[in-house]
Amino acid sequence: MKKNKLVAVTAAAIGIAIAAPATAQDDTAAALEQYRQMIQESNPAELYEMEGEELWTTARGPKNATLEQCDLGLGPGVIEGAYAQMPRYFEDTGKVQDLASRLMTCMETLQGIPSEEIIDGKFRQGERGKLGAILAYVVGQSRGDTIAVDLDHPKVKEMYELGKQAFYYRAGPMDFACSTCHSSDGKRIRMQDLPNLTTQEGAAAGWGSWPAYRVSNSQFWTMQHRLWDCFRQQRVAEPIYASEVTIALSTYMAGTANGGTMNAPSAKR
Amino acid sequence: MKKWMIAPLALCASVALADERFDEMIQSSFKPHGQATMDRMEQDEVQKACSQPDAMDQATAEKLRQAQMETIQWPSDGDYWEGGDWEEGHKIAFSGRGMTWRDDPEVPNGGGCYNCHGLDPAEMSYGTIGVNLQGYAKIRGRSDEIVKYTWGQIYNAKAYNVCSDMPRNGFNGILTEEQIRHVMAYLFDPESPVNK
Amino acid sequence: MAGPMRIRAGHTDGVTEVRVLMSHPMETGLRKDGDGNVIPAHYITELVAKHNDKVVLNVEMGPSVSTNPYLSFKFKAGAPGDIIEVSWKDNEGESRTDQVEIRG
Amino acid sequence: MNPQRRDALKTGGGLGIFGMLVAAGVITPGAALARDAKLFEADTMAGVFEALGIERPELNDSVTLIAPDIAENGAVVPVGVTTDLPNVEVVSILVEENPNKLAANFNLPEGTLAEVQTRIKMRQTSDVYALVKADGKYYMNKKEIKVTLGGCGG
């Protein structure tokens, strides 16, 4: 019996719209919140989850195998709740892995799809694009689950600390670090609210809502894609797909978010 | 006083090891792309000192700050804003383009001011990382002191607060002297919507 | 080839509510790609929804319906287990049909 | 259990449902295949009414347009239309400031409720109109939706 974790849709969108206040300019924030809630309904990310589910069970690659034996940390083939505990340490690779890098391992070992093809590829295209859809499906199977990254594991803790250091690492011609935008409450860039990723609450809001369908460009973005674009806007060099710094930062965010709830894939501006 | 500044010797060894591990991670995790080359991963002394979650000691901060003050190039002809065009300044304030691996370095950069600051009170879409600058000169006036400070702040914000979140626009070549003058006009010109 | 639609149909108190999410770029023909070339218009022009064999909705669309279009509607009929079938076609002649059972 | 049939008719070649429906006489070829292009190409509100052969309807509170006051991004603006008017035949959504005004026409057969939702693109802040044809007459209401700029432009 497969757990249907897609959001239960109600007529909430209509209710919210009618209930929305329309008074002073201070209500801009309330109006934006109303908009954000409305776009969560029937999120197009579901289309990617559907595609990912199909890819999970389709025999592919040089080995013509499915991903159904992929071990995401809870045993081969166990998907439900797996993402809420990632990144985690994997004995077989001897590494702390986020979901993207773990799926890359599974695609290589089970299906024979070389990881280089994904690392050297482009977001939303080819095997990296397919990995994104599979990731959407896997993440959706942790919807509503509590974020629980094992910071007691020394390897995970080490990655967390490296991620924290990377978070505060200022560099490039604009002197930006992740912390420039994401270390205090209530800030925004333009109209975009910035979660304070140094607090449990902020990290849970941030980590717990990625990956996401971005309505601004009608694209499904993974956390790898999100981090890549953050670094672009920091004006530093380009992070390599699934590189250590991306996993370290993910571990820092997820670890800080521990106790929060996974609400992804979500829909974002 | 912060631990990383006055760490006992015994701790220094492990800190150094951790730093080596960290540097290794940075070096192996990035690649050059367009104008965003690997040297951008190297830190200068200000970036290094400001990459800690906690504030540094005051003496160190003051020394670094003064060194940054020395970098400021004041307008060559003494024209801080009168010769600037607030409409050009608006475009620069509005544009966030430039310096990413996607941008052509030959095209002038934007200042990205609206990303962090409110300026024109009629513009709804502004960030809040920096202070709100709506009505800038209307509120603060146009004394020599405030005009000079504003130029310096845009040119190198680290000369006033060494770990400021604001980019060093002039010092790091993000904006040209002429562009800074336009942004200054956007802030000081009575005709600018910022002061309406 | 366009991906499958996500269709959900639920029945309460004599009314069936249908929500459809389609995978489609809905290009307006007004956008340019990175090289400055106009991206040709490519959008769904029409959608038909059927309950068993009866048409319950027919929508004509222009390119200003959002990418990956979503729509919802309700009709007074249907029962759990009945079939809802939704079809669309676009300005390039591409089309797609998917089905779902009404849930109780 | 998954209620979605993945192996459902993937309209390979052939006529697909449109052809079948036309063949079965369920819908006329005109209704199914020849969308009123003139209506969708109208680039003024007046042009839309002209294409429909009607006078511009007065605003009327019997029609409700449900939409956010502010759309953070104009690429996706959720809009819904409801009305208590009886015998609703068509519900249309129009955006005054878009290049082409008409976004969508919902043709509602008998039994389908006048309660529809979709998502539209908006180029800029604009009045959005819900136009309803009921019992052969047209009724209209509007709501202004503000569209903010977003992102850093980086």
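All chains are named by letter (A, B, ...) in the order of the sequence lines, taking the proteins before the strands, and each is independently numbered beginning at 1.
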Novice: Does the side chain of R119(D) come within less than 4.5 Å of N68(C)'s, by heavy atoms?
Specialist: no

Novice: Would one find more than 12 heavy atoms of other residues, nucleotides or ligands at under 6.0 Å from atom CG of D84(D)?
Specialist: no

Novice: So what's closer than 4.5 Å to chain D heavy atoms on V20(C): side chain, backbone, both or neither?
Specialist: neither

Novice: Would you say CD of Q124(D) has more than 12 non-hydrogen atoms from neighbouring residues, nucleotides or ligands within 6.0 angstrom?
Specialist: yes

Novice: Can you find a heavy atom in the side chain of L57(C) that is under 4.5 Å from one in the side chain of L108(D)?
Specialist: yes

Novice: For chain D, which candidate among P63(C), S66(C), G62(C) shows the most heavy-atom pairs at distances under 4.5 Å?
Specialist: S66(C)

Novice: Check whether P78(D) gets within reach of chain C through its side chain, its backbone, both or neither, counting any heavy atom under 4.5 Å.
Specialist: neither

Novice: Should the heavy atoms of other residues, nucleotides or ligands under 6.0 Å from CZ of R56(D) be counted, would the total exceed 12?
Specialist: yes

Novice: Under 4.5 Å from any heavy atom of chain D, what part of I102(C) do you find: side chain, backbone, both or neither?
Specialist: neither

Novice: Measure distances from F40(D) to the heavy atoms of chain C and classify the residue's part below 4.5 Å as side chain, backbone, both or neither.
Specialist: side chain

Novice: Any idea which of H51(C), K76(C), M61(C) has the most non-hydrogen atom pairs under 4.5 angstrom with chain D?
Specialist: M61(C)

Novice: Please report the shortest heavy-atom distance between N107(D) and E60(C), naming the atom on each side.
Specialist: ND2-OE2, 2.9 Å

Novice: Rounded to the nearest 0.5 Å, how far apart are CG of N100(D) and CG of L30(C)?
Specialist: 7.5 Å

Novice: Please round to the nearest 0.5 Å and tell me the distance separating atom CD of E110(D) and atom NZ of K54(C).
Specialist: 7.5 Å

Novice: Check whether any side-chain N or O of S64(C) sits under 3.5 Å from a backbone N or O of K121(D) as a donor-acceptor pair, and report yes or no.
Specialist: no

Novice: Is the backbone of L71(C) close enough, under 3.5 Å, to the side chain of T118(D) for a donor and an acceptor to pair up by distance?
Specialist: no

Novice: Heavy-atom cut-off 4.5 Å, strictly under: side chain, backbone, both or neither for A103(D) against chain C?
Specialist: both

Novice: Where on V77(D) is there a heavy atom nearer than 4.5 Å to chain C: the side chain, the backbone, both, or neither?
Specialist: backbone

Novice: Which atom pair, heavy atoms only, marks the closest approach of V59(C) to A104(D)?
Specialist: CG1-CB, 4.3 Å

Novice: Given a strict heavy-atom distance threshold of 4.5 Å, which part of T67(C) is in contact with chain D: side chain, backbone, both, or neither?
Specialist: both

